[in-house]
Amino acid sequence: MTATDETRQLLDRQRTIEITTTGRRSGQPRRTETWRYRAGGRYWLTGRPGSRDWYANVLAHPEFTLHLADRDLQARARPVTDPDERALVFGEIVPTLDWAESLESWIAASPLVEIELS
């Protein structure tokens, strides 16, 4: 099993994860809990519609640390702003959430980044 396979297995088991980003203004590490989703065979960070500090931080500094089980992994955030791509990804994620607002509200106002593993 490769390191990437192990990482994917860990990601598949953990929906709630912690990440450490670099503060957009302070430059200091900021550790926060967020949700991980899988869609289109890839891994994503997102949350309910609204602004998020972690999202603002990865927009300014895309490199972040992903904390999984007993290991910390370096990753890069690829923000998704294209409306068509957002619709495809959220079209897979939102229907699986019985508590989610409308798909349209997620497409319009939820943070969305792809987790790119190093």
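Count residues from 1 along the sequence.
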Are [X] and [Y] close enough that some pair of their side-chain heavy atoms sits under 4.5 Å apart?
| X | Y | result |
| --- | --- | --- |
| T16 | R36 | no |
| I93 | L97 | yes |
| D53 | R30 | no |
| Q28 | T22 | no |
| Q74 | T65 | yes |

Can you name the nearest heavy-atom pair linking [X] to [Y], along with the distance?
| X | Y | value |
| --- | --- | --- |
| P95 | F90 | CD-O, 3.6 Å |
| P111 | G50 | CD-O, 3.7 Å |
| W35 | G47 | CE3-CA, 3.9 Å |
| A75 | L117 | CB-CD2, 4.5 Å |
| F64 | A77 | CE2-N, 3.6 Å |
| P49 | S105 | CG-O, 3.6 Å |

Practice task
Begin with the C-alpha distance, continue with both residues' side-chain angles, and end with the deciding distance and a verdict on side chain to side chain contact (heavy atoms under 4.5 Å, CB included) for L112 and W106.
Solution key: CA-CA 9 Å; L112 181 62; W106 281 64; over 6 Å; no
What's the separation between atom [atom1] in [X] and atom [atom2] in [Y], rounded to the nearest 0.5 Å?
| X | Y | atom1 | atom2 | value |
| --- | --- | --- | --- | --- |
| R52 | T32 | CZ | OG1 | 9.5 Å |
| H67 | L73 | NE2 | CG | 9.5 Å |
| L68 | Q14 | CG | CD | 5.0 Å |

Exercise for the section: Give the cluster check for L103 versus L88: same hydrophobic cluster or not, with ILVMFWY residues linked at side-chain heavy-atom distances below 4.5 Å. Expected result: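 Looking at the clustering, L88 is in a separate group from L103.
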For the backbone of [Y] and the side chain of [X], can you confirm whether one donor and one acceptor N or O come within less than 3.5 Å of each other?
| X | Y | value |
| --- | --- | --- |
| R24 | L59 | no |
| R76 | P62 | no |
| E114 | V80 | no |

Exercise for the section: Evaluate the criterion salt bridge (charged side-chain N to carboxylate O under 4.0 Å, His left out) for residue pair R78 and E85; output intermediate values, then yes/no. Expected result: CA-CA 12 Å; R78 182 183 69 84; E85 186 176 10; 2.6 Å; yes
Practice task
Indicate yes or no: does D12 engage R38 in a salt bridge with an N to O separation below 4.0 Å.
Solution key: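 So D12 pairs with R38 through a salt bridge.
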Exercise for the section: Let me see the working for Y37 and W44 under ring pair (Phe, Tyr, Trp, His ring centres under 6.0 Å), right down to the final yes or no. Expected result: CA-CA 5 Å; Y37 295 93; W44 309 89; over 10 Å; no
Exercise for the section: Dump the intermediate steps for side chain to side chain contact (heavy atoms under 4.5 Å, CB included) on I115 and L66, then the final yes or no. Expected result: CA-CA 9 Å; I115 300 170; L66 182 62; 4.2 Å; yes
Exercise for the section: Just jot down the side-chain contact (heavy atoms from CB on, under 4.5 Å) partners of T34, sequence neighbours excluded, or say none. Expected result: I17, I19, L45, W54
